[in-house]
Amino acid sequence: MGWAIALHGGAGDIPKDLPPELREPREACLRYCLKMGIDALKAQKSPLDVVELVVRELENNPYFNAGRGSVLTSNGIVEMEACIMDGITKNCGAVSGLTTVVNAISLARLVMEKTPHIYLAFEGAEAFAREQGVETMDSSHFITPRNIERLKQAKEANKVQVDYNTRPIPKDDKPPAPSGDSQLGTVGCVAVDSYGHLATATSTGGLVNKMVGRIGDTPIIGAGTYANKLCAVSATGQGEAIIRATVARDVAALMEYKGLSLKEAADYVIEESAPRGTTGLIAVSATGEVTMPFNTTGMFRACATEDGHSELAIW
């Protein structure tokens, strides 16, 4: 048994000819956040503290679809959502519809620790943020030129766009040409300490051109985010598909009820349950195993374990 950590920056149709100027900043951020998480685990920080710390840093990076880099709804604003969960107690907190909160994941934790509830959304969540004194910014802070252009493209094609749909949105059925534009992805982190305590956190801006009020898989316990005494899971991809497949909970359930290993359970969910081309996940077990399967073209991901294994990859 030993500590382990994994993080992701979104899964989807990531072209292998992704230009360096779009790939390298994301890899650098994942590398930095992985080291941050490792250092925190070595310093005996709780897994809950570790996943919050890492996801906050990912939210602050405009290259990912969370926090500062959140994509825009059909009316040109952000509606951010996040979820955090502790594996031992199954305590959890979730938020949706945030337009001014700098770090949605920290507000989700406050919902878990400071209210009798699990999930707050929209005006209620914003009011709670003000009451708790968390950092907020005018909504214009979250509206980047990159995401304004993504929304324009999506509106012209009359479509919503998922995380790593990096090709121009077609207006007909012809295959789109590869492109490296507008690469953004949901973020997440899972961690286990040397005592087997687990935690998970996920944060996202959702879909480009999504309807106002749309809620994805990220804040739904058991869909995009779940942890218990056996494992911690954070999923990414097409939210509607992940919700239908109850991706995160199914990984834990296969371990709990079928006795599968972490890798066996995660592989089954990705290959047999979630529709192809829709889903990726990161997961750690109470015994320090780590796995990062996906059925999309790629997934920005990184992990490390106490025994010295370390990995950073996209495809």
Side-chain angles (χ1 to χ4, degrees), residues 7-15 18 22-23 25-30 33 54-74 76-83 95-99 101-105 108 139 141-154 159-167 169 179-189 201-212 214-220 223-225 234-242 278-282 294 296-302 314:
L7 52 150
H8 70 73
D13 185 14
I14 307 174
L18 185 64
L22 294 174
R23 172 176 52 80
R26 292 171 177 80
E27 291 177 325
C29 181
L30 290 179
C33 289
V54 169
V55 169
R56 279 177 62 93
E57 188 66 28
L58 290 165
E59 287 175 334
N60 293 338
N61 189 303
Y63 282 100
F64 296 108
N65 178 14
R68 178 74 173 91
S70 293
V71 298
L72 305 181
T73 67
S74 59
I77 64 168
V78 296
E79 288 185 352
M80 300 171 285
E81 49 195 31
C83 183
V95 288
S96 283
L98 303 181
T99 60
V101 176
V102 173
N103 293 112
I105 196 63
S139 58
H141 166 78
F142 304 95
I143 302 175
T144 64
R146 188 188 304 268
N147 285 333
I148 291 172
E149 180 59 28
R150 287 189 85 186
L151 179 61
K152 180 174 178 288
Q153 291 178 3
K159 293 186 178 182
V160 295
Q161 188 181 11
V162 299
D163 275 355
Y164 281 99
N165 187 342
T166 61
R167 307 161 195 272
I169 305 174
S179 166
D181 289 340
S182 306
Q183 294 249 19
L184 295 156
T186 293
V187 302
C189 181
T202 317
S203 182
T204 189
L207 301 174
V208 183
N209 200 30
K210 65 183 180 181
M211 293 175 65
V212 174
R214 178 264 185 184
I215 293 171
D217 66 287
T218 290
I220 297 178
T225 311
S234 174
T236 176
Q238 295 181 17
E240 281 71 13
I242 293 169
T278 66
T279 306
L281 66 82
I282 55 171
F294 54 94
T296 54
T297 304
M299 179 172 72
F300 275 93
R301 63 199 188 277
I314 305 171

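Side-chain atoms are counted along with the backbone in the values below, which use heavy atoms only and exclude waters and symmetry mates.
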Worksheet entry | From CG (L58) to CD1 (I105), nearest 0.5 Å | 10.5 Å

Worksheet item: Can you find a pair of side-chain heavy atoms, one from T218 and one from I242, that are under 4.5 Å apart?
Response: no

Fill in: Considering all heavy atoms, the nearest T296-A11 contact
OG1-CB, 3.6 Å

Worksheet item: Looking at side-chain heavy atoms only, is the closest gap between E79 and V212 below 4.5 Å?
Response: yes

Fill in: For the student: nearest non-hydrogen atoms of A235 and A223, plus distance
CB-O, 4.1 Å

Worksheet item: If you round to the nearest 0.5 Å, how far is OG1 of T99 from CE of M80?
Response: 6.5 Å

Worksheet item: Would you say the side chain of S70 lies within less than 4.5 Å of the side chain of N65, judging by non-hydrogen atoms?
Response: yes

Fill in: R150 side-chain N/O to R146 backbone N/O, donor-acceptor pair under 3.5 Å
no

Item to complete: With side chain to side chain contact (heavy atoms under 4.5 Å, CB included) as the test, would you mind laying out the steps for F64 and C29 before giving the verdict?
Response: CA-CA 10 Å; F64 296 108; C29 181; 3.7 Å; yes

Response to the item:
Tightest non-hydrogen contact, residues K210 and G205, listed as NZ-O, 2.9 Å

Worksheet entry | Contact check, side chains of V78 and L72, non-hydrogen atoms, under 4.5 Å | yes

Discussion item. Once rounded to the nearest 0.5 Å, what's the spacing between atom CG of L151 and atom CD of E149?
Written reply: 9.5 Å

Response to the item:
Between E57 and C33, the two heavy atoms sitting closest are CG-SG, 3.5 Å

Response to the item:
Between E81 and the options V95, I220, I215, the side chain to side chain contact (heavy atoms under 4.5 Å, CB included) test singles out I215

Practice prompt. Evaluate side chain to side chain donor-acceptor pair (under 3.5 Å) for T202 paired with T225, printing each intermediate quantity in order.
Written response: CA-CA 7 Å; T202 317; T225 311; 2.9 Å; yes

Worksheet, complete the sentence: Closest non-hydrogen contact found for L98 with A104 is CD1-CB, 3.5 Å

Worksheet entry | Heavy-atom closest contact (Y63 atom, P25 atom, distance) | CE1-CB, 3.6 Å

Worksheet entry | Side-chain heavy atoms of V102 within contact of R56, under 4.5 Å | no

Item to complete: Measure the shortest side-chain to side-chain distance between H8 and T186 over non-hydrogen atoms and say whether it is less than 4.5 angstrom.
Response: yes

Worksheet item: Distance from E240 atom CD to T278 atom OG1, nearest 0.5 Å?
Response: 11.0 Å

Practice prompt. Please step through side chain to side chain contact (heavy atoms under 4.5 Å, CB included) for the pair S139 and I77, ending with a clear verdict.
Written response: CA-CA 7 Å; S139 58; I77 64 168; 5.6 Å; no

Discussion item. Can you list everything that forms a side chain to side chain donor-acceptor pair (under 3.5 Å) with T73? Sequence neighbours excluded, please.
Written reply: N75

Item to complete: Before giving the answer on side chain to side chain contact (heavy atoms under 4.5 Å, CB included), spell out for N147 and V208 the whole-Å C-alpha distance, their side-chain angles and the decisive distance to 0.1 Å.
Response: CA-CA 8 Å; N147 285 333; V208 183; 5.8 Å; no

Worksheet item: Which value, rounded to the nearest 0.5 Å, describes the distance between I314 atom CD1 and L30 atom CG?
Response: 8.5 Å

Discussion item. One pair to check against side chain to side chain contact (heavy atoms under 4.5 Å, CB included): V54 and V187. What are the steps and the verdict?
Written reply: CA-CA 9 Å; V54 169; V187 302; over 6 Å; no

